[in-house]
Amino acid sequence: MTLRLYNSFSGQKEDFKPLSGNHVGIYVCGITAYDDCHLGHARAAVVFDIIVRYLRHRGFKVTHVQNITDIDDKIINRAREKGVSFKELSEHYTGEFHRDMEALGVARPDVEPRATGHIQDIIRLIETLVSKGYAYAVEGNVFFSVENFHGYGRLSHRSLEEMQAGARVEIDPRKRHPMDFALWKSGKPGEPAWESPWGPGRPGWHIECSAMSIRYLGETFDIHGGGQDLIFPHHENEVAQSVAATGKPFVRYFVHNGFVTINGEKMSKSLGNFLTIKEILSGYHPEALRLFLLSKHYRSPLDYSEDLIREKQVSLDRIYVTLAEALDAVASPAISPTIHPGASATGISPSTEVETAYSRINNLKELFYQAMDDDFNTAQAMGHVFDAVKGINTLLQISKKGPDQDCLAAIGAGVSAIREVGQVLGLFSTDTKSYLEGRRAEKLSKLSLTADQIRDLIHQREEARAKKDWAVADAIRKKLAGANIILKDSPQGTTWEIKE
RNA sequence: GGCGGCAUAGCCAAGAGGUAAGGCAGCGGUCUGCAAAACCGUUAUUCUCCGGUUCGAAUCCGGAUGCCGCCUCCA
């Protein structure tokens with residue numbers, strides 16, 4: 001089976017074949033370290049985290065490079081506002097970024113280069129562009145000449161004429177063409193600056209990604225990723241600079257993730273609907289956030305609301321409950337968890353219910369890979385996971401009536417299949433018991449009752465039930481229900497849960 | 001003004017020529033003293049609207065309407 005992915009260059013899904021054998025080089029545009037990361041950063045991070053995980057899972061050797069922009073106008077301005085150095089500011093927010101990523105379960109890239117660590121690479125690249133006639137220096141600035149580069153607009157599918165027609169920006173009179181962009185910016189007094197052939201200054205935004213991707217992945221590499229907003233001008237400019245400098249193709253597949261809106265509106269500081277990763281994780285499990293981000297295809301816009309994330313939290317709880325019950329069932333010492341259910345499953349029961357459950361479990365992996373091979377269709381993949389969960393639940397139901405070896409083996413196989421695909425999605429990685437205990441503690445903390453008080457009431461109800469005093473028993477059930485506590489009676493006794 | 005995207009049940013969402021996955025909510029049932037959980041069944045004769053191509057269209061083409069993004073820093 002071939003992995004197919006959507007290439008922004010062609011606007012179509014294409015078969016993915018790495019440049020050299022089994023090795024995949026992927027460069028993802030990271031953050032500019034001047035503020036806390038928000039939900040949009042979380043989406044991009046999780047999308048590319050899963051792409052990298054899936055490529056590796058499929059047997060590719062992946063080199064994942066993701067930059068951090070640590071010098072830039074926004075950083076300089078913010079540092080000035082706060083009265084700290086640009087370095088202190090960018091280091092602070094880089095640290096916050098790392099904490100957020102760790103909380104989200106996003107794996108660290110193999111290389112995490114920073115612009116200020118590659119000034120010499122950048123200067124050399126600009127010199128090449130100047131010497132080849134693609135760039136010109138004016139008053140300590142260096143601009144890239146879009147007219148001299150044929151093919152400008154190929155990625156964003158726009159011509160220079162179209163772009164000029166829509167220009168809304170005041171044009172820098174030093175530019176020869178309105179669309180020319182800065183490779184090197186001269187430093188005003190007091191601004192951070194590095195020595196260069198054009199005088200002291202700092203790199204433009206786009207050039208760092210060309211310099212660092214070429215350094216770590218070579219002049220031509222497989223995948224370049226980022227948010228859709230980066231297509232123009234950032235990635236268009238990267239392509240122009242890189243191709244002009246090397247004379248070779250730059251990136252083979254451009255992959256862009258869609259945007260996040262909040263209650264239907266674009267996130268923006270002026271609207272006051274900016275949600276940081278920290279804010280969301282203070283109320284929801286990181287895997288619930290991941291589940292939410294995966295619930296829609298990565299290229300589509302994704303709308304966030306409290307209702308939706310809460311729904312994902314409930315779904316995640318449900319899956320963990322199933323996994324926990326399945327593990328309990330399988331833990332029976334008489335049963336070997338290594339039995340493969342597929343072969344023995346067929347025919348052991350005439351019930352189609354059981355057959356369906358077996359196939360839901362046994363088909364999971366194949367269907368999951370099919371979905372992921374089709375441009376990382378995580379929404380579809382999750383549908384298959386839910387099917388497998390249903391299959392496990394069916395068998396759990398049956399095994400409660402009379403455990404049978406094949407049934408328990410299938411349950412075990414289901415758990416390991418879900419765990420396996422979960423590794424690709426970054427889900428179900430927490431120990432089931434600690435997950436459920438954590439969730440209970442979290443919900444309990446929002447309650448007016450303590451666990452001891454609840455246990456007392458349950459005890460009183462047990463006594464009433466023993467006397468078949470249903471009126472008292474039901475009154476206690478009702479009272480607890482009023483506090484959002486659901487009682488579950490079973491032959492082993494009564495347990496309780498807190499409703500979301 | 002230019003470029004691009006999206007419109008699928010009460011809500012979220014997959015499907016991209018062969019007769020509508022999955023999740024949430026709802027309803028009926030099994031189980032239960034009553035419940036809860038779980039499971040089973042059910043919930044879009046139809047995919048914004050109007051034309052066209054085709055044996056066949058939610059899927060392709062043309063048009064209309066609505067929403068969104070980019071063109072300026074942005075994941």
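All values below were derived from every heavy atom in this structure, side-chain atoms included, with hydrogens, water molecules and symmetry-related copies excluded. Chain naming here is simple, since letters A, B, ... match the order of the sequence lines and numbering starts at 1 in each.
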**Message:** Using atom P in both nucleotides, what's the gap between B:rG18 and B:rA13 to the nearest angstrom?
**Reply:** 24 Å
**Asked** Applying a 3.5 Å limit to both distances, which nucleotide forms a Watson-Crick or G-U wobble pair with B:rA37?
**Response** none
**Message:** Tell me if a side-chain donor or acceptor on A:K443 pairs with a main-chain N or O of A:I498 at a distance below 3.5 Å.
**Reply:** yes
**Asked** If you check every side-chain atom of A:E353, which of B:rC71, B:rC73, B:rC40 has the closest atom?
**Response** B:rC40
**Request:** Determine the Euclidean distance between corresponding P atoms of B:rU8 and B:rU45; express it in Å to zero decimal places.
**Result:** 15 Å
**Request:** Write down the distance separating the C1' atoms in B:rG15 and B:rA21, rounded off to the nearest Å.
**Result:** 7 Å
**Request:** Send over the distance from A:L302 CG to B:rG69 P, rounded to a whole Å.
**Result:** 14 Å
**Asked** Taking a pair as Watson-Crick or G-U wobble with both distances under 3.5 Å, which nucleotide is matched to B:rG18?
**Response** B:rC55
**Item:** Sugar-phosphate only, base, or nothing, as touched by A:G258 at under 4.0 Å among non-hydrogen atoms
**Value:** base
**Prompt:** With A:K433, which residues qualify under salt bridge (charged side-chain N to carboxylate O under 4.0 Å, His left out), at least two apart?
**Reply:** A:D328
**Message:** Which label fits A:Y27 and A:F221: parallel for a plane angle under 30°, tilted from 30 to 60°, or perpendicular past 60°?
**Reply:** tilted
**Message:** Is there a side-chain contact between A:K74 and the phosphate of B:rC73, meaning an N or O under 4.0 Å from OP1 or OP2?
**Reply:** no
**Prompt:** Could A:K74 and A:Y34 be counted as a cation-pi pair, given that NZ or CZ must be under 6.0 Å from the ring centre and within 45° of the axis?
**Reply:** yes
**Asked** Quantified in whole Å, what is the P atom distance between nucleotide B:rC6 and nucleotide B:rG63?
**Response** 16 Å
**Request:** Please state the C1' separation for the pair B:rC67 and B:rC31 - nearest whole angstrom.
**Result:** 47 Å
**Asked** Hey, is A:F259 doing a stacking thing with B:rG69, by the 5.5 Å centroid and 30° angle criteria?
**Response** no
**Prompt:** C1' atom, B:rC60 versus B:rA25: distance in rounded Å?
**Reply:** 36 Å
**Prompt:** For the residue pair A:H41 and A:H38, does the interplanar ring angle fall in the parallel (under 30°), tilted (30 to 60°) or perpendicular (over 60°) class?
**Reply:** tilted
**Prompt:** Is A:G40 touching bases, backbone alone, or none of the nucleic acid, heavy atoms closer than 4.0 Å?
**Reply:** base
**Message:** Tell me which nucleotide, if any, is Watson-Crick or G-U wobble paired with B:rU45 when both distances must be under 3.5 Å.
**Reply:** none
**Prompt:** In the strands shown, is B:rG62 matched to any nucleotide by a Watson-Crick or G-U wobble pair with both distances under 3.5 Å, and which?
**Reply:** B:rC50
**Request:** Just say parallel, tilted or perpendicular for the rings of A:H285 and A:Y320, cut-offs at 30° and 60°.
**Result:** tilted
**Fill in**
Re B:rG69: Watson-Crick or G-U wobble partner, both distances kept under 3.5 Å, found to be B:rC3
**Contact pattern, 5' to 3', of nucleotides 21-36 of chain B - B, S or - by protein heavy atom under 4.0 Å** = BSBS--------BBBB
**Message:** Quick check on B:rA37: is either OP1 or OP2 less than 4.0 Å from any side-chain nitrogen or oxygen of A:N393?
**Reply:** no
